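What you are looking at is a predicted structure, and each value in this text was computed from that prediction instead of being measured. Every chain is numbered from 1 and lettered A, B, ... according to where its sequence line falls, protein lines coming before strand lines. Side chains are part of it too, since the values below use all heavy atoms of this structure and drop only hydrogens, waters and symmetry mates.
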2 protein chains.
Amino acid sequence: MTIGEVSKKLNIPIATLRFYDSEGLLLNVKRDEAGIRHFDEANIASLRLIECLKQSGMQLKEIKEFMNWCAMGDSTLNLRKEMFIKQKSNIEAKISELKRALSLIEYKCWYYDEALRDGNESRVKNMKLDEIPEDIRAKYCGFNS
Amino acid sequence: MTIGEVSKKLNIPIATLRFYDSEGLLLNVKRDEAGIRHFDEANIASLRLIECLKQSGMQLKEIKEFMNWCAMGDSTLNLRKEMFIKQKSNIEAKISELKRALSLIEYKCWYYDEALRDGNESRVKNMKLDEIPEDIRAKYCGFNS
DNA sequence: TCTTGACCTAAAGTTAACTTTAGGTATTAA
DNA sequence: TTAATACCTAAAGTTAACTTTAGGTCAAGA
């Protein structure tokens with residue numbers, strides 16, 4: 001596949017693909033006589049993995065280090081495994097942080113619902129904890145502690 | 001509370017607190033005669049909210065816009081409610097993307113576990129889909145599609 | 001033939017969200 | 001009295017991850 005085809009398929013800008021290649025995030029991208037890149041299935045799989053690792057908060061330089069380990073062969077299997085184990089717990093932590101954030105947002109949704117019903121904030125703003133419906137209070141307290 | 005106390009309590013660098021204040025993310029931070037900031041409970045609540053919104057992917061300029069709405073009173077209640085509703089779905093989307101990423105990472109953990117057991121990648125690398133245990137295959141395919 | 005489109009490189013520019021620096025005031029501890 | 005602390009401002013610097021620019025090659029269609 002050419003760079004334009006990959007760009008369309010994975011929805012990644014061409015400039016970004018070149019940038020990743022130049023940064024060493026892609027192993028073994030073949031070139032023809034004219035110097036034009038031809039991506040194979042392994043390159044596509046790498047790109048999907050890169051997207052996923054990036055999305056889970058990993059930096060490009062760490063991803064590059066991982067790619068270097070891949071190029072070094074079996075002696076780095078353990079390093080690579082450890083990396084994924086660590087990344088797994090990073091993602092799990094991120095998910096639970098987001099769930100906590102979601103609680104507060106849901107409380108805020110309820111808050112503005114009430115305020116809009118009243119036309120102003122005063123009642124809901126001055127509400128005591130025990131006046132707040134139990135399910136909403138749980139969200140709010142879960143966040144504040 | 002002084003800026004140093006807030007910094008310790010919320011674990012946010014002093015310079016960052018000053019930066020947020022100067023950017024207009026904090027409403028009504030009081031100053032004494034000497035020009036020293038004194039944060040009240042409402043400021044602390046704003047900071048907690050800022051952390052949460054940031055963490056869920058919102059930019060500082062959007063957060064600032066929200067703070068401006070707050071300062072404008074009841075006429076912006078609806079805008080604020082809509083913002084939280086949108087942010088709620090942003091977080092939900094983020095969580096499901098992370099779950100998808102987690103699937104691939106878990107597949108990779110399994111992959112390197114197998115490879116390490118063998119001492120090399122060849123067997124697991126050449127495995128056909130139907131040779132992969134069903135639970136692992138589900139993770140892998142869920143990602144690739 | 002000419003121009004349009006897909007590819008290439010090297011290098012400079014951009015953006016967000018801080019972070020650091022340089023220089024200053026005011027209070028407290030020895 | 002001096003020296004350490006905690007605060008202040010304005011402005012410059014940093015970092016990651018792109019993105020844009022400028023200039024060039026090559027093949028196909030009108």
Need two values: the first and the last nucleotide of DNA chain D, 5' to 3', having an atom under 4.0 Å from any heavy-atom of chain B. D:dC7 to D:dT9
Check ring-ring contact (aromatic ring centres under 6.0 Å, His included) between A:Y111 and all other residues, then give those that pass, not counting sequence neighbours. none
Of residues 11-20 of chain B, the positions that come close to DNA chain C - non-hydrogen atoms, cut-off under 4.0 Å: B:P13, B:A15, B:T16, B:F19, B:Y20
Please work out which residues in residues 32-47 of chain B have a non-hydrogen atom less than 4.0 Å from an atom of DNA chain C and list them by number. none
Which pairs with one or both residues in residues 88-99 of chain A pass side chain to side chain donor-acceptor pair (under 3.5 Å), sequence neighbours excluded? A:Q87-A:N90, A:K88-A:E92, A:E97-B:Q55
Of all pairs that satisfy salt bridge (charged side-chain N to carboxylate O under 4.0 Å, His left out), the ones with a partner from residues 119-128 of chain A, not counting sequence neighbours: A:E114-A:R123, A:D118-A:R123, A:E121-B:R80
Distance-only criterion, 3.5 Å: show the donor-acceptor pairs between side-chain atoms of residues 58-68 of chain B and protein atoms not counting sequence neighbours.
residue	atom	partner	partner atom	Å
B:E62	OE2	B:Q59	N	3.0
B:K64	NZ	B:E23	O	3.3

Which residues pass the salt bridge (charged side-chain N to carboxylate O under 4.0 Å, His left out) test with A:K81, not counting sequence neighbours? B:D113
Taking only residues two or more places apart in sequence or in another chain, which ones pass salt bridge (charged side-chain N to carboxylate O under 4.0 Å, His left out) with A:K86? none
Which is more 5' along DNA chain D, the nucleotide nearest B:R31 or the one nearest B:K8? Just name the residue. B:K8
Specify the residue among A:T2 and B:K54 whose closest nucleotide of DNA chain C lies further upstream toward the 5′ end. A:T2
Side-chain polar contacts of residues 9-18 of chain B - donor-acceptor pairs under 3.5 angstrom, sequence neighbours left out - could you list them?
none

Checking B:D135 now: which residues fulfil side chain to side chain donor-acceptor pair (under 3.5 Å) with it, not counting sequence neighbours? none
Have a look at A:E23 and say if it touches a base, only the backbone sugar-phosphate, or nothing, with a 4.0 Å heavy-atom cut-off. nothing
Side-chain (A:S46) to main-chain (A:A42) donor-acceptor, under 3.5 angstrom: yes
Any pair with a residue in residues 114-134 of chain A that passes ring-ring contact (aromatic ring centres under 6.0 Å, His included), sequence neighbours left out, goes on the list, sorted by first then second residue, please. none
